[in-house]
Amino acid sequence: MRCWLAVFLLVAWTGAAYSTEELGYDVDIETITTTGKSSSRLPRNNFHQALHSYQKVAQSWTAALLNWMTVQAAAGGSPSSSLLGAMKESVEAPAVNISGDCLSSLMTLYGFVDIKHPENTPEWLIRFVDAQPKPPSAILEGDITWLGAFHECMNISQYRNSSKPTPASKLLVGQYCLVSVGVEEPGNYSVAKIRVSELLQIPKALRAGVCVPDSCSANDVRGLFEIALAALVTKFPDLGHENLSITDVKCPARLIPMDGPAITVIVILVAFATIVLIASLYDVLTNGFFRHHSDPLERNMDSASNYTPLSDTNTSDTDLDFTKDGGRSVLGRVCISLSAISNTRKLFGCGLAPAVGELRWIHGVRVLSMVWIILGQSYALGLPVFNNLAMLPEAMKGLFAQIIVQSTFAVDTFLFLSGFLVSYRFLGELAAGFDCFRLIRFYLNRYLRLFPVYMIILGVYAALTKYISSGPLWPQDEAMLGNCSSLAWSNAFYINNYIQPEQMCMPWTWYIAVDFQLFAIAPLIVVALYVVWQAGVALCAVGVLAAVVAAGVISKVMGLPPSLVGFGSTDVSAFDQDLTIKYFTSYLITTYCRAAPYFIGILAAFFLRDPAAVRKLGFFAVICGWFVALLSIAVVVFGLVPGFNGYPLSVDAAAAFNSLSHVAWAVALAWIAYSCMTGAVKGVDRVLGWSMWRPLSTISYSVYLISPIIICIYYLSREETIRFSHWNTVRN
């Protein structure tokens, strides 16, 4: 039975079996070019209608197989001769372009098909058919990605003489191709529309991974599928899928040659690893592998609070000063700073006493926010491989789903911390005496602390990710997300959130750009706070007000939703990816809409710079403060629950939410900072200041840069789809 099924699937997926002789109907090749242009259209964004169309494709596919099986069983002969004529007729049609090499390879395969004696079917041919996709059972739930068997197909290599394989003796070398079949809708809008740069993608095209001979190009596969699709439309007109068309065909290469950028990045990585190894050997030779004293350089490096919210908390401007006394030469101090041993010890706090004035509560806030961001990324980046997207609205009704939807507010937390730490540290610099030279060092230190690791990860992402893995969804022509070949330069200058943001390289790095742009003006505001505090407060207030107005006006004028997943609806059909793109590029990643938490952080640090001098509130006032703070957090995180349960927000309400929610979130964080620094609620300070948070907090900047890449590798390397559920997503 398996051999019979293999033979029938082979013919079905190549499209040749649906000829005039075998199925008993006339195929008008003209319909191939007009498929998808019928006057019968689907409503815009009607995902469920598209699913019904895809289900009809599967039904007609099966019906055609059964019809062909019946005809062949009655004839009792080999299909080779009849298929030969059918293929010739199809290829010679003017509207179809299939190369002679592809046609010849297909005919070679058909020569091995024996209906009378299926047990004689060679195993390599069975594997070829076994690698083809099969329609699943849950199409109406959104299972429209039928990936087939990528590696089984690509591993097929059969020659007449296996000891001396030559092109002339080749029988079959498998080539995997991913074919997308979409539903055309009004306004040149296709259900199959998928943008490369989106973090949030709802794949609406039927995708099928087919195995063909390697002599068949993507155009050949498109032609074969157009024949099959046109035949289905003609044979089963009552099923109503005349608005389907082939939207995309991708055939990944078996081997990708190393290009110039990839070689350059590898050389840089090897050179950097060599330097770190030499520095580590120097550290071992001069100090020993296990030392219990703290190096003078490390003591200098842990003397004040850091101003980088995604990196270690205790780094002062001595980071770039290798000339201070410490018993070492300048070169020796540079080696110690690059030593993997010293940096690992510093990471885990080995042998280092807590720094004076260390803001320990920041560690916990930072780690929890980073976990929240990774959780949201796991959901967003997994959408292309979830196989029950039609059930997504039901899953969005719960409270846990809103935690995922609003994970973007974790970025507001980092913006608040960034403004807080810059203000807190810079006020200390001003109190100790400040000049223009130290201001320049202040900027330079920040740039050089972020730049190297950022550029290394960017280089690996842009040049090497296509070599890391393979699979039916693995990108080979560009980075996993974004247009890095043309736009990576904008990341280096921290302006990538404004230069073609819809195609941004490493789209999640928009936060780093926003943070650096705000950092550029932060010292000037802090100077104003230090000299004339009323002027500084006024500047921060103007900044907050400008951000609130900008967010509200842009949301109102453009009709933006209150979240990346829209206004909230019980139907996936209401999800508009064009609107999501506008929300992302015009609001979510723009500095003028996201600046409010940063300015509030600057103000909070100014008023809390001397905790001992801050007025202590009474018990009742503290309770009221926590009530307001927790209520603000709850409204921000769970305020859209009604929208996902049948009561979506209006455009005006969405504009109000977009403009005020960031302020409410930042004010709640300012209250948490007050409670921890003044000891108003010591339990919160102990929890957030737990020593185990520190190592994780120290690497949060690198984790932020790397985590989406790892998540993409996990999802895009898969050969099978995943059933969406909260448990599956969190577990994976």
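Keep in mind that this is a model prediction, so the values were computed, not measured.
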Which residue, Thr590, Ile589, Leu415, Leu588, forms the side-chain contact (heavy atoms from CB on, under 4.5 Å) with Val514?
->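 That would be Leu415; it is the only one of Thr590, Ile589, Leu415, Leu588 passing the side-chain contact (heavy atoms from CB on, under 4.5 Å) with Val514.
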Pairs where residues 594-619 contributes a residue and the test ring pair (Phe, Tyr, Trp, His ring centres under 6.0 Å) is met, not counting sequence neighbours =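 Pairs touching residues 594-619 that pass the test: none.
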Sequence neighbours left out, what passes side chain to side chain donor-acceptor pair (under 3.5 Å) with [X]? Give chain and number order.
{"X": "Ser378", "value": "none"}
{"X": "Asn658", "value": "Ser555"}
{"X": "Gln517", "value": "Asn497, Thr591"}
{"X": "Trp693", "value": "none"}

With side chains defined as the heavy atoms from C-beta onward, is the minimum distance between Tyr715 and Leu383 less than 4.5 Å?
->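 No, side chains not in contact.
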Are any non-hydrogen side-chain atoms of Val422 and Ile602 less than 4.5 angstrom apart?
->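 A side-chain contact is absent here, since even the closest heavy-atom pair is not under 4.5 Å.
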Got a sec, which pairs hit salt bridge (Lys or Arg N to Asp or Glu O under 4.0 Å) with one end in residues 634-655, sequence neighbours left out?
->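 Residue pairs passing salt bridge (Lys or Arg N to Asp or Glu O under 4.0 Å), neighbours aside: Lys556-Asp652.
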Selection residues 579-591 - residue pairs positive for salt bridge (Lys or Arg N to Asp or Glu O under 4.0 Å), sequence neighbours left out = none
Heavy-atom closest pair, residues Leu579 and Gly559 | CD1-O, 3.7 Å
Work out which heavy atom in Ser563 is nearest to a heavy atom in Val405; give both atom names and the distance.
->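 The pair with the smallest heavy-atom distance is CB-CG1, 3.7 Å.
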Can you name the residues that form a ring-ring contact (aromatic ring centres under 6.0 Å, His included) with [X], not counting sequence neighbours?
{"X": "Phe409", "answer": "His662, Trp665"}
{"X": "Tyr674", "answer": "Trp671"}
{"X": "Phe657", "answer": "none"}

Knowing that exactly one of Phe519, Tyr494, Phe493 qualifies, which makes a ring-ring contact (aromatic ring centres under 6.0 Å, His included) with Tyr447?
->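 Running ring-ring contact (aromatic ring centres under 6.0 Å, His included) over Phe519, Tyr494, Phe493 with Tyr447 returns exactly one hit, Tyr494.
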Pairs in or reaching into residues 608-628: which pass side chain to side chain donor-acceptor pair (under 3.5 Å), with residues at least two apart or in two chains?
-> Trp626-Ser675
Here the side chain to side chain donor-acceptor pair (under 3.5 Å) pairs for residues 450-459, sequence neighbours left out, are Tyr454-Asn491, Tyr454-Thr509
Does the gap between the ring centers of Trp508 and Phe414 come in under 6.0 Å?
-> no
